[in-house]
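We count residues from 1, following the sequence as given. FYI, side chains are in, hydrogens and waters are out, and symmetry mates aren't considered; it's all heavy atoms of this structure. Whatever order the structure lists them in is the order used to number ligands and atoms, beginning at 1.
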Amino acid sequence: MLSVLKHPLADHMITHLRDRKTKPATFRTLAYQLTLMLAIDATRDLATEEKAVETPLEPTTGRILSAQPIVVVAILRAGVSMVQPFLDIFPDVSVGYVGLERDHTTAVARNYYCKLPPLAGRRVFVVDPMLATGGSAAQAIDVVKQNGAVAPRLVCIIAAPEGVAEVARHHPDASVHVAVLDRALNERKYILPGLGDFGDRLYGT
Ligand code: PRP
Ligand code: URA
């Protein structure tokens, strides 16, 4: 399942994120704000339960989040930019990291690090801003499943159709939430129109 954010504010922020003149500080702020919107979209079916409260005027019943813990697994490096928005809006979040780096010539991702909290019985969100060939995301989802995650969700800012198809082929149970679906990959496996190398733009490297 693919879910694409449809909101004028998301369009506005993505356009500024794409702009080559956008500096790292603004880039980081835009990535934070877009991830907040994505986090809300990707969690719209979280379980809730009834709770009685008293307003200053009268008793009423509302709903609160049920106790199922959330885990955010960031794909290093660029995925780190998407962790804080989840931490800021959800009360109980654990964080894991999977280090994956694409080879500059083959675009095949190499796994160099993994540190995960317990995943069984938890709602797991794998976060990485760029879904290009889908190789990194498919590997990261493999890793979280091997560690107990069931039907993890992938949250990305920009996706290419090739990456969405690759993740669906390997992980038909994983839903994918993106802010925008771009046109295609170029011959070097960069997303078009995209925004270039997310990690480089985030960290000024
Ligand atoms: C980028 C991006 C994804 C990956 C996407 O990371 O953050 O992890 O490329 O490409 P794929 O879908 O073709 O696998 P990169 O490997 O450049 O590492 P970095 O975040 O450390 O810069
Ligand atoms: N990784 C990026 O950071 N950008 C792309 O366009 C593709 C992979």
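Nearest non-hydrogen protein atom to atom 21 (O) of ligand 1 is R77 NE, 3.2 Å. Nearest non-hydrogen protein atom to atom 14 (O) of ligand 1 is S136 OG, 2.5 Å. With hydrogens left out, the protein atom closest to atom 16 (O) of ligand 1 is R102 N, 2.7 Å, a heavy atom. Among protein heavy atoms, atom 17 (O) of ligand 1 sits closest to D197 OD2, 4.0 Å.
Under the 4.0 angstrom criterion, atom 6 (O) of ligand 1 counts as lacking any protein heavy-atom contact. The nearest protein heavy atom to atom 1 (C) of ligand 1 is not closer than 4.0 Å.
In the vicinity of E101, heavy-atom distances shorter than 4.0 Å reach the ligand 1 atoms 16 (O). Against a heavy-atom cut-off of under 4.0 Å, A78 is close to the following atoms of ligand 1: 7 (O), 20 (O). Atoms of ligand 1 found under 4.0 Å from any heavy atom of M130, numbered from 1 in the order shown, are 2 (C), 3 (C), 5 (C). Listed by number with element, the atoms of ligand 1 under 4.0 angstrom from any heavy atom of A132 are 10 (O), 11 (P), 12 (O), 13 (O). Interface of D128 with ligand 1, defined as ligand atoms under 4.0 Å from a residue heavy atom, comprises 2 (C), 3 (C), 7 (O), 8 (O).
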(Q) Would R201 and T22 count as a side-chain contact (heavy atoms from CB on, under 4.5 Å) here? Give the steps. (A) CA-CA 9 Å; R201 296 201 55 193; T22 298; 3.6 Å; yes
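Distance alone, capped at 3.5 Å, places no donor-acceptor pair between the E162 side chain and the A184 backbone.
When only modelled atom types and interatomic distance are considered, R122 and S94 share a side-chain donor-acceptor pair under 3.5 Å. S136 and D128 share no donor-acceptor pair across their side chains, judged by distance under 3.5 Å alone.
Protein residues with any heavy atom under 4.0 Å from ligand 2: R102, M130, A132, K189, Y190, I191, G196, D197, F198.
Residues satisfying the side chain to side chain contact (heavy atoms under 4.5 Å, CB included) criterion with L9, sequence neighbours excluded, are H7, M13, M37.
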